[in-house]
Enquirer: 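Starting off with a structure, shown below.
In the text below, chain A, chain B and the rest are named by the order of the sequence lines, each starting its count at 1.
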Protein chains: 2
Amino acid sequence: MYTFKGKQYPCCASLTMGMIGGKWKTVILFHLMEGELRYNELRKQMPTVTERTLSLQLKTLEQDGIIKRTVYTSKPPLKVEYSLTEFGETLIPVIQSITNWGIFAVEKYSE
Amino acid sequence: MYTFKGKQYPCCASLTMGMIGGKWKTVILFHLMEGELRYNELRKQMPTVTERTLSLQLKTLEQDGIIKRTVYTSKPPLKVEYSLTEFGETLIPVIQSITNWGIFAVEKYSE
DNA sequence: CGGGATCCGCCTAGATACTG
DNA sequence: CAGTATCTAGGCGGATCCCG
């Protein structure tokens, strides 16, 4: 049994999946891997996600200390950038492993 | 946009997560990584999963060609072994990356 | 022993409209 | 521009009982 930030996980794999699991988190992290992005830039990279869901996932990732949110303006139009924290950067090899396998799978076993 | 086995994914990361995402699949694969296991052996490794869920996840993984199910007896008590397929073995580096990060996270940031 | 059948709660995520 | 509010649906996963 593993404990992390007050939550219990039956397996070390569960812990990681608890942080980056779900339909969209790895996609967000994949796009943030190469540098910070604004909210709308992220949206353009992920045309099929709804605003509500994107917003929720970003907030969760921020609460988990994986990404950070920086506001550059005080009045509208707002400028907000999202980027990986130092802790979030330790996930890069994991995300890369996940994306690499996805590419491998389509290339090797496409229809 | 990526297509794999009739399903569409907006990102190569989505594809992988579609196969190994969810609460239990990575845990199952983690335990099968080192060799085949019987149904009840898996259950003992995963005390908090319900039978129904374990059963469903195993079936999904089998349908996706990641694990294979082998029946050794024709009459009860049945002996059924689960193991990775060749395709499933290509996921080992991904699973290992995921579990390694989980271990790293608890060691580094556990209070 | 290795599941299937049934019922159900909850949470994730979608659609749409609105706001500082 | 960068979100929030509200409502809703679908599916994942839990609980329990049953079967070959």
Enquirer: So what does B/K25 touch, heavy atoms closer than 4.0 Å: a base, only the sugar-phosphate, or nothing?
Expert: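 No contact.
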
Enquirer: Give me the first and last nucleotide of DNA chain D, going 5' to 3', that has any atom under 4.0 Å from a heavy atom of chain A.
Expert: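 Here the contact window of chain A covers D/dC1 to D/dC7.
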
Enquirer: Looking at B/K79, is its backbone amide N or carbonyl O close enough to the side chain of B/T73 to form a donor-acceptor pair, meaning the two atoms are under 3.5 Å apart?
Expert: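 Between the backbone of B/K79 and the side chain of B/T73 there is a qualifying donor-acceptor contact (under 3.5 Å).
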
Enquirer: Is B/Y72 touching bases, backbone alone, or none of the nucleic acid, heavy atoms closer than 4.0 Å?
Expert: nothing

Enquirer: Side chain of B/V80, heavy atoms from C-beta onward: which of C/dG2, C/dG4, C/dA13 has the nearest atom to it?
Expert: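 Selected nucleotide: C/dG2.
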
Enquirer: How many Å lie between CD on A/E51 and P on C/dT19, as a whole number?
Expert: 15 Å

Enquirer: If we ignore hydrogens and angles and just use 3.5 Å, is the side chain of B/T60 paired with the main-chain N or O of B/L56 as donor and acceptor?
Expert: yes

Enquirer: By the definition side chain to side chain contact (heavy atoms under 4.5 Å, CB included), identify the one residue from A/V27, A/I28, A/I67 that meets it with A/Q57.
Expert: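 That would be A/I28; it is the only one of A/V27, A/I28, A/I67 passing the side chain to side chain contact (heavy atoms under 4.5 Å, CB included) with A/Q57.
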
Enquirer: Calculate the interatomic distance between A/Q57 atom CD and C/dG14 atom C1'; express it in whole Å.
Expert: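 Checked: the CD to C1' distance equals 12 Å.
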
Enquirer: Can you tell me how far C1' of C/dT19 sits from OH of A/Y39, to the nearest Å?
Expert: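 From A/Y39 OH to C/dT19 C1': 13 Å.
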
Enquirer: Between B/I98 and A/Y2, is there shared hydrophobic-cluster membership here, with clusters defined by ILVMFWY side-chain heavy atoms closer than 4.5 Å?
Expert: yes

Enquirer: Is the distance from OP1 or OP2 of C/dG2 to the nearest side-chain N or O of B/S55 less than 4.0 Å?
Expert: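 Negative; the distance criterion is not met.
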
Enquirer: Would you call the rings of A/Y39 and A/Y82 parallel, tilted or perpendicular if under 30° counts as parallel and over 60° as perpendicular?
Expert: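 The arrangement is tilted - the two ring planes meet at 30° to 60°.
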
Enquirer: Please report, rounded to the nearest Å, how far the P atom of C/dA13 is from the CE atom of B/M17.
Expert: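 Result: 10 Å.
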
Enquirer: Of A/L56 and A/L78, whose closest DNA chain D nucleotide lies nearer the 5' terminus?
Expert: A/L78

Enquirer: With nearest nucleotides of DNA chain D determined for B/G22 and A/K79 from heavy-atom distances, which residue corresponds to the more 5′ nucleotide?
Expert: A/K79

Enquirer: When rounded to the nearest 0.5 angstrom, what distance separates CD1 in A/I66 from OG1 in A/T85?
Expert: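 That separation rounds to 7.0 Å.
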
Enquirer: Want to settle it: does B/Y82 or B/R52 sit nearer the 5' end of DNA chain C, counting the closest nucleotide to each?
Expert: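 The residue mapped nearer the 5' terminus is B/Y82.
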
Enquirer: Which heavy atom of A/S83 sits nearest a heavy atom of A/E36, and at what distance?
Expert: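 Taking A/S83 first and A/E36 second, the nearest heavy atoms are CB-CB, 3.5 Å.
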
Enquirer: For C/dG4 and B/K59 - does any side-chain N or O of the residue sit under 4.0 Å from the phosphate oxygens OP1/OP2?
Expert: yes

Enquirer: Return the value, rounded to whole Å, for the distance between atom CH2 of A/W24 and atom C1' of C/dA13.
Expert: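 In whole Å, C/dA13 C1' lies 9 Å from A/W24 CH2.
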
Enquirer: What is the nucleic acid contact for B/R43, judged by heavy atoms within less than 4.0 Å: base, sugar-phosphate only, or nothing?
Expert: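 It contacts nothing in the nucleic acid.
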
Enquirer: Are OP1 or OP2 of C/dG14 and a side-chain N or O of A/T53 less than 4.0 angstrom apart?
Expert: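 Indeed, a polar side-chain atom of A/T53 lies that close.
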
